[in-house]
Amino acid sequence: MKQDARNRKDPSRHRALKVALGVVVMALVLVIGVVVANPSWLAQRLRGQVETAATRALGHKVTLEKLDAQWFPKPGATMTNFRAEGEGNEPPFLEASRATATVQLWPLIRSLGKDVRVGAVKLEEPRVNLVRRADGTWNYESVGGAPATPSSGGGKESGTEASVERLRIENGVVQVTDQQAAGGTAAVALQDLDADLKHVGPGLPLEGTLKAAVAASKQNVEADFKVDPLPTGMPGPGEPWPKVTMKLRARDLSVSEVRDFLPPSATAYFTGGLVDVDAEVKTKPQGQYALTGHGAAKGLKLRGDPASGAFDFNSLIDPEHLKATRVDFTRLSLAGPGVDLGGTASVQMAPARVRFALEGKELDLQHLLGALPPSEPKKESSSKTTALPASVRARLGKVDVDGTLKLGTLRHGNLQATNVDAQAKLDEGVMLIEKGGATVYGGRADLTGTKVDLTKSQPAWTLKANLQGMDTAQAFQALSGQSSLQGLASGELLLTGSGLDWARVRNGVTGSGNVRLSNGVLTTADLGGAVAPVLSQGLTALGKKGAAGTVQKAGKGTQLKDLNAKFSVKNGWVSFTQPMGFQSDLGNGTLDGRVGLDQRLELKGTIDASKEFVSNLTGGAVPIKSPVSVPLTITGTLKAPKVSAGSPGDIAKGLLPGMVPKSIEDPVNQARKSLGGLLKRPGKK
């Protein structure tokens, strides 16, 4: 009241206040008028702000070819050829032919032009070029770091951290150049990208949405996220990281298109198909990021055959120790021709480590190997097909893998094992079966100690096997289509070789072993039938023609009751290190020589035709007192062996001392007389 009265009493003071206020308003209008009348000034301020902020954010030097400022209808600018440079001869990291930006008016006026705040930025049809270099690093790894070449221009004019109230991207494209691939080929990995981001800048709560087409003709990936708030720099040890919430949805992701740009554990073993993924990220109270989600695969291609699969995954990510991140996969399933697997697995980034526990009805190794990416032509011999590409072999050499595998059936070509139960370890690219066995054609095989070196162009392997009771009829039927040999086999094998195609690698296999065959039958060879004609001729020479017809009709296959063999393997042959002994229905015998891994036979030996055998064949007409030694030669193949016995003269010589004499007829003397003409040497009378 007193003040009002004082003002009324002092009209000059009142007029002075009005004049001062008018001067301030006029000055403000004058400043606005000057600023508005000079848009080039705004262009300079805004250009420096944009180049400095973008260079700092992207880690690549940012330049603008042209910037045109305007005040109406909103303060802002249109930018031409926005460009974030690449390193060396790499393409630009980011480029956009046209971009627009608006400026917040009040902070600009209040600071008399010193505080330039970007309200909204819109990039039209921008292109991002991602480059995977020859050393395996990516050009995006420098984002957020200091640029290789510092930005020049008006960057020093901004005394505050740059921020953008809203950033919109329309119809963007992401292209990937892989310098590790032949010719450094480039491929579009993502297109039709639309993004709407709010509060882009340090200290601001970032949120936004994103939609894009990933290896598809229309948008099939979308994400929405919130980050509260962005730090002004990389948090130091012990400093909190921003709270993150994100949801990701992807549909019909093409495996063949994105395989080369994703972790090999995810898609490297499939040649085609589509994958759906739903993932969610939340921040735990301790500051860790919890990743959970589910994936489903459909129309996967394994050697061209369709397959399907599914998996759940979860991970707890510590931003201060990203390299130690581990992803756990549960409810794994993969089903298709030759493959039916399920179980769990975990993958750790660094050190690279995989742990798994898989089981299923069947696994066909040819389907699995056939599903791998094609071999690179680099420095590989054109005369050989590598089982694993060089890039896959290099990764395997750096991964520590350990786990268990239980299978109903395991196949590789004609080879088959059932009830497989193994614990395997992959260390520096060498897979070792630490403990394991399987049922192989009715018998049990202990494969503990078997190794496969997967880092070689052709896998180098060492097979250690202890066989018990294997049904050889089943084995030969499966491997050759004919049950050439029947019986139960047991023994030990130690073989080394290189490669998986048996027809190509068998000549290079080396090793040793032993085998015992009980109740055996050689179904494709009739030793009795081969011996009978020669024995008949020998009996005829001794004057025993009556028995010849009976002998010639004898013989059906050959029993090998107790066969024992020790052998070495080299140059495609199994060579016996000592004569192989066996018992047959003819009598005891021995064989020496070798058997080819392609089933060829080169064997020689003898069989001692027993008294019972000769007596049965002759109906007792020619009784003998001791076995008759018959030389044998076996050639041909296991499928079609050719057996030849000794000459009739040799048979007669063997029969002669073994005959039982009769006092009345003295058949021995008669036999000697009959044999005399046969054995008479030329020129002797």
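In this text the structure is predicted, and so the values were computed from the model without any measurement. Values below: all heavy atoms of this structure, side chains included; hydrogens, waters and symmetry mates excluded.
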Can you confirm whether the side chains of Arg444 and Thr439 place a donor and an acceptor under 3.5 Å from each other? yes

For Arg166, salt bridge (Lys or Arg N to Asp or Glu O under 4.0 Å) partners two or more places apart: Asp196

Taking C-beta and beyond as the side chain, do Pro242 and Val227 meet within less than 4.5 Å on heavy atoms? yes

Could you tell me if the side chain of Ile169 sits less than 4.5 Å from the side chain of Pro126, heavy atoms only? yes

If you round to the nearest 0.5 Å, how far is CG of Leu253 from CZ of Arg251? 9.0 Å

Donor-acceptor contacts under 3.5 Å from residues 462-475 side chains, at least two apart:
residue : atom : partner : partner atom : Å
Asn466  : OD1  : Gln468  : NE2          : 3.1
Asp471  : OD1  : Ala473  : N            : 3.0
Asp471  : OD1  : Gln474  : N            : 3.4
Asp471  : OD2  : Gln474  : NE2          : 3.3
Thr472  : OG1  : Leu485  : O            : 2.9
Thr472  : OG1  : Gly487  : N            : 3.0
Thr472  : OG1  : Gly487  : O            : 3.2

With a 3.5 Å distance limit and no angle check, can you tell me whether His294 reaches the backbone of Asp278 through a side-chain donor-acceptor pair? no

Contacts of Glu434 that satisfy salt bridge (Lys or Arg N to Asp or Glu O under 4.0 Å) - sequence neighbours left out: none

Results of side-chain hydrogen bond (donor to acceptor under 3.5 Å, both in side chains) for Asn171 - residues two or more places apart only: none

Not counting sequence neighbours, which residues clear salt bridge (Lys or Arg N to Asp or Glu O under 4.0 Å) with Arg168? List them please. Glu170

Among Val420, Thr409, Leu341, whose side-chain contact (heavy atoms from CB on, under 4.5 Å) with Glu362 holds? Thr409

Testing the basics here: between Pro319 and Gly287, what is the closest heavy-atom pair and its distance to 0.1 Å? CD-O, 3.9 Å

Calculate, to the nearest 0.5 Å, the distance between atoms OG and CG belonging to Ser512 and Leu493 respectively. 8.5 Å

Nearest-0.5 Å distance, OG1 of residue Thr448 to CG of residue Leu432: 9.0 Å

Ionic contact status for Asp224 with Arg249, cut-off 4.0 Å: yes

Thr177/Asn129 under side chain to side chain contact (heavy atoms under 4.5 Å, CB included): CA gap, chis, key distance, verdict: CA-CA 7 Å; Thr177 300; Asn129 292 295; 5.6 Å; no

Going by the rule side-chain hydrogen bond (donor to acceptor under 3.5 Å, both in side chains), which residues pair with Glu359 if we only count those two or more places apart in sequence or in a different chain? none

In this structure, CD of Glu125 is separated from CG of Leu123 (nearest 0.5 Å) by 11.5 Å

Distance, nearest 0.5 Å, that separates CD1 of Ile317 from CH2 of Trp241: 11.5 Å

What's the verdict on salt bridge (Lys or Arg N to Asp or Glu O under 4.0 Å) for Lys298 and Asp276, showing C-alpha distance, side-chain angles and the deciding distance? CA-CA 8 Å; Lys298 51 191 176 183; Asp276 296 342; 3.4 Å; yes

Test Val128 against Leu94 for side chain to side chain contact (heavy atoms under 4.5 Å, CB included), laying out the working first. CA-CA 5 Å; Val128 178; Leu94 172 65; 3.6 Å; yes

Using the side-chain hydrogen bond (donor to acceptor under 3.5 Å, both in side chains) criterion, which residues pair with Gln348? Sequence neighbours excluded. none

Lys361, NZ: over 12 other non-hydrogen atoms inside 6.0 angstrom: no

Between His321 and Gln288, is a side chain to side chain contact (heavy atoms under 4.5 Å, CB included) present by the stated rule, with each step listed? CA-CA 10 Å; His321 304 90; Gln288 299 167 315; over 6 Å; no

Find out whether Arg133 and Glu87 are in side-chain contact, i.e. whether some heavy atom of one side chain is under 4.5 Å from a heavy atom of the other. yes

Please find the pair of heavy atoms, one from Gln416 and one from Arg411, that lie closest to each other, and give the distance. OE1-NE, 3.5 Å

Counterpart residues, side-chain contact (heavy atoms from CB on, under 4.5 Å), relative to Phe311 (two or more places apart): Phe313, Phe329, Leu332

Before giving the answer on salt bridge (Lys or Arg N to Asp or Glu O under 4.0 Å), spell out for Asp453 and Lys451 the whole-Å C-alpha distance, their side-chain angles and the decisive distance to 0.1 Å. CA-CA 7 Å; Asp453 188 347; Lys451 294 181 180 180; over 6 Å; no

I'd like to know if the side chain of Ser308 reaches the main chain of Ala297, judged simply by a donor and an acceptor atom lying under 3.5 Å from each other, with no hydrogens or angles considered. no

Taking the side chain as every heavy atom from C-beta outward, state whether Val354 and Ser346 have any pair of such atoms under 4.5 Å apart. no

Output every pair passing salt bridge (charged side-chain N to carboxylate O under 4.0 Å, His left out) with a member in residues 282-292, not counting sequence neighbours, ordered by first then second residue. Glu280-Lys282

Using residues 204-219 as the side-chain source, report each donor-acceptor pair under 3.5 Å to any protein atom, sequence neighbours left out, with the distance given to one decimal.
residue : atom : partner : partner atom : Å
Gln219  : NE2  : Asp192  : O            : 2.9
Gln219  : NE2  : Asp194  : OD2          : 3.0

Between Lys425 and Asp400, is the salt bridge (Lys or Arg N to Asp or Glu O under 4.0 Å) condition met? List the steps. CA-CA 8 Å; Lys425 181 177 180 62; Asp400 172 19; 3.4 Å; yes

Residues pairing under salt bridge (charged side-chain N to carboxylate O under 4.0 Å, His left out) where one sits in residues 334-350, two or more places apart or in two chains, turn out to be none

Take Leu130 and Asn139 through the test side chain to side chain contact (heavy atoms under 4.5 Å, CB included) and record every step on the way to the result. CA-CA 6 Å; Leu130 301 181; Asn139 64 340; 4.1 Å; yes

Please find the pair of heavy atoms, one from Val505 and one from Ser498, that lie closest to each other, and give the distance. CG1-O, 2.8 Å

For Thr283, what residues pass the side-chain contact (heavy atoms from CB on, under 4.5 Å) criterion, not counting sequence neighbours? Lys243, Val244, Tyr289

List the atom of Ala424, the atom of Asp402, and the distance in Å for their closest heavy-atom pair. O-OD1, 2.9 Å

Just wondering, do Pro91 and Val131 contact through their side chains at under 4.5 Å, heavy atoms? yes

Should Lys247 and Phe225 count as side-chain neighbours, where that means a heavy-atom distance under 4.5 Å? no

Are any of the side-chain heavy atoms of Val569 and Thr510 separated by less than 4.5 Å? no

Asp312 CG to Ser333 OG distance, which is reported to the nearest 0.5 Å: 9.0 Å

With a 4.5 Å heavy-atom cut-off, do Trp461 and Thr496 have their side chains touching? no

Result of checking Val401, Thr404, Thr344 against Phe356 for side-chain contact (heavy atoms from CB on, under 4.5 Å): Val401

